[in-house]
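These notes are about the structure you will find just below.
Letters A, B, ... mirror the listed sequences (proteins, then strands); counts begin at 1.
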There are 2 protein chains.
Amino acid sequence: MNVRSEDLTARARIRDAAVARFGRDGFRAPVRTIAQDAGVSAGLVIHHFGSKDALRAACDEHVLTVIREQKSAAITQASPAETIGLLATVREYAPLFAYIVRSLLDGGEVAAHFVDGLVDDAAAYLAAGEAAGTIRPSVDPPGRARQVIATQMGLLVLAQLDAAAGRGTAPTEDPGTAIEELTSRSMLAGLELYTHGLFTDTGYLDAYQHFRQDKEKP
Amino acid sequence: MNVRSEDLTARARIRDAAVARFGRDGFRAPVRTIAQDAGVSAGLVIHHFGSKDALRAACDEHVLTVIREQKSAAITQASPAETIGLLATVREYAPLFAYIVRSLLDGGEVAAHFVDGLVDDAAAYLAAGEAAGTIRPSVDPPGRARQVIATQMGLLVLAQLDAAAGRGTAPTEDPGTAIEELTSRSMLAGLELYTHGLFTDTGYLDAYQHFRQDKEKP
DNA sequence: GCCACGGCTGAACACGCGTTTAACGTAGTG
DNA sequence: CACTACGTTAAACGCGTGTTCAGCCGTGGC
């Protein structure tokens with residue numbers, strides 16, 4: 001995704017085409033279609049990767065490494081303003097996100113590991129913020145990290161849904177458009193939620209804690 | 001799902017079997033498998049529903065109506081304690097949720113409509129809570145509703161992921177187990193988040209609002 | 001100049017799966 | 001009793017698709 005195709009090796013071109021096509025159409029996308037996207041024959045895809053499953057595994061690995069690099073690049077910029085500024089570049093990686101959503105939806109073990117990684121990272125970020133005083137302490141840090149990641153995944157799924165249903169300006173055309181639209185639609189509310197909360201009092205929280213106590217001691 | 005199979009009409013038995021099988025294995029599940037689950041032949045499935053797609057449409061409609069009924073039943077109980085009490089019954093409808101997740105993941109237009117309904121409902125609930133004084137006012141009510149629903153969807157997807165990866169006590173066996181485990185793992189953190197928020201100050205929120213202003217007026 | 005070799009192709013094969021079809025049994029009806 | 005209608009089934013058809021195979025073509029070595 002960094003290099004602008006063309007003079008890439010055929011194998012890499014196939015891989016990139018597969019990531020894009022899988023992200024757009026899901027893993028049901030025929031090998032022949034991917035081959036056509038990459039400008040090669042279907043046989044060559046198999047010749048290079050052995051099987052469609054192996055191709056998908058290669059895509060998984062590739063996406064994971066790219067995301068990991070990008071993540072470690074983002075980790076160096078910690079201030080709120082700079083983190084927000086990363087939004088401008090989100091369009092660049094839209095196909096990657098689309099692929100991840102597809103992988104999630106497919107329910108592969110790889111996706112589960114990937115989410116685990118995200119949750120762990122989020123837990124680390126939150127702990128760091130907690131230490132720095134910008135994040136409130138939690139009674140259940142891992143649960144909170146999971147909650148945060150679930151929200152992000154849910155937003156991605158919703159964006160994917162909108163794109164598939166032909167909402168937005170560009171129907172199904174560019175996955176980046178849907179994600180961009182989604183962020184502009186949900187970011188403010190999300191930050192507001194994370195800043196001020198949702199409830200005015202502790203009624204629900206108290207009720208749940210009582211419910212849990214009753215459950216353990218009937 | 002209400003009646004305990006057995007003396008159901010074959011058509012209904014097929015539909016229920018399809019909901020369960022689709023929810024468990026996804027829509028790739030062969031018609032023959034569904035037929036076997038329902039104790040009938042593959043041809044009868046087509047004979048009753050016309051095609052696999054039509055069967056899926058019937059499942060969509062059925063699940064939607066059941067959920068709608070359940071939702072309108074839940075709407076009458078408004079207090080925090082009673083809403084929490086609904087958790088106890090979540091297991092009952094686990095196959096429905098599994099089906100919805102599958103439908104979401106498949107990205108059909110029906111799923112998009114379904115999510116739209118959820119978002120609208122959430123917006124109504126939140127507005128009601130706002131009027132009642134239990135929910136904080138928002139600068140972007142629709143966005144907040146979408147955020148809340150996205151979180152729920154994300155949690156369902158994560159539960160589905162865990163189940164597929166064989167986490168939890170029962171590997172892939174019972175979708176209810178995974179959801180129950182998920183709620184017990186995330187509910188506390190979620191309520192905490194919704195009660196107290198995440199950030200200690202308004203830094204991120206301010207930064208994003210400035211970012212937006214700069215974007216509109218460069 | 002020629003030979004080998006690896007990237008590459010198009011056609012053919014194999015198979016899973018949705019759907020069709022012909023037939024069978026049974027209940028209701030005249 | 002015959003006859004129709006309908007629920008039901010097993011076998012067959014056809015299509016989409018992953019994969020294999022035999023061969024082509026350009027390039028580098030001898």
Side-chain angles (χ1 to χ4, degrees), chain A residues 3 5-62 99 102-103 105-110 164 172, chain B residues 3 5-62 99 102-103 105-110 164 172:
Chain A
V3 195
S5 356
E6 296 306 326
D7 48 15
L8 278 177
T9 165
R11 188 187 155 92
R13 231 173 34 215
I14 293 172
R15 168 173 44 66
D16 287 356
V19 168
R21 181 54 68 174
F22 281 151
R24 181 176 299 272
D25 296 353
F27 294 104
R28 283 176 289 187
V31 172
R32 293 180 226 269
T33 305
I34 296 168
Q36 195 174 347
D37 290 348
V40 298
S41 73
L44 190 64
V45 176
I46 303 298
H47 175 250
H48 274 307
F49 293 92
S51 74
K52 187 183 181 179
D53 280 345
L55 168 63
R56 190 192 154 175
C59 289
D60 278 334
E61 194 188 337
H62 179 244
Y99 181 91
R102 260 21 234 246
S103 182
L105 306 195
D106 196 65
E109 199 175 341
V110 185
T172 319
Chain B
V3 197
S5 349
E6 294 308 325
D7 48 14
L8 277 177
T9 166
R11 187 187 156 94
R13 232 174 33 218
I14 293 172
R15 168 174 41 69
D16 287 356
V19 168
R21 180 56 67 176
F22 281 150
R24 182 176 299 274
D25 296 352
F27 294 103
R28 282 176 291 185
V31 173
R32 293 181 226 271
T33 305
I34 296 168
Q36 196 174 346
D37 290 348
V40 298
S41 73
L44 191 63
V45 176
I46 302 297
H47 175 250
H48 274 307
F49 294 92
S51 74
K52 187 182 183 181
D53 281 345
L55 168 63
R56 192 193 152 175
C59 290
D60 279 333
E61 194 188 338
H62 179 244
Y99 181 90
R102 262 18 236 249
S103 181
L105 307 195
D106 195 65
E109 199 175 340
V110 184
T172 318

What is the distance, to the nearest angstrom, from the [atom1] atom on [X] to the [atom2] atom on [N]?
X      : N       : atom1 : atom2 : value
I14(A) : dG7(C)  : CD1   : P     : 11 Å
F27(A) : dG18(D) : CZ    : P     : 13 Å
I46(A) : dA14(C) : CD1   : P     : 17 Å
D25(B) : dC17(C) : CG    : P     : 11 Å
H48(A) : dG7(C)  : NE2   : C1'   : 6 Å
R13(A) : dC8(C)  : CZ    : C1'   : 11 Å
R11(B) : dC6(D)  : CZ    : P     : 15 Å
Q36(B) : dC17(C) : CD    : P     : 13 Å

- Contact check, side chains of R11(B) and F49(B), non-hydrogen atoms, under 4.5 Å: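 Yes, their side chains come closer than 4.5 Å.
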Which pair of non-hydrogen atoms, one from [X] and one from [Y], has the smallest distance, and what is that distance?
X      : Y      : answer
I46(A) : K52(A) : CD1-N, 4.1 Å
A17(A) : I34(A) : CB-O, 4.0 Å
R15(A) : C59(A) : O-SG, 3.8 Å

- Task: Quick one: which residue pairs count as a ring pair (Phe, Tyr, Trp, His ring centres under 6.0 Å) with a foot in residues 27-48 of chain A, not counting sequence neighbours?
- Result: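 Matches after skipping sequence neighbours: F22(A)-F27(A), F27(A)-Y99(A).
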- Message: Any side-chain to backbone donor/acceptor pair from R13(B) onto A38(B)? Under 3.5 Å, distance only.
- Response: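 Indeed, once roles are kept as given, a pair shorter than 3.5 Å links the two residues.
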- Note on the structure: Each nucleotide of nucleotides 9-15 of chain D classed B (base within 4.0 Å of a protein heavy atom), S (only sugar-phosphate) or -, in 5' to 3' order, makes B--B---
- Message: Nearest to the A10(B) side chain among dG18(D), dT8(D), dT19(C), which nucleotide is it?
- Response: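 When the side chain of A10(B) is considered, dT8(D) is the closest of dG18(D), dT8(D), dT19(C).
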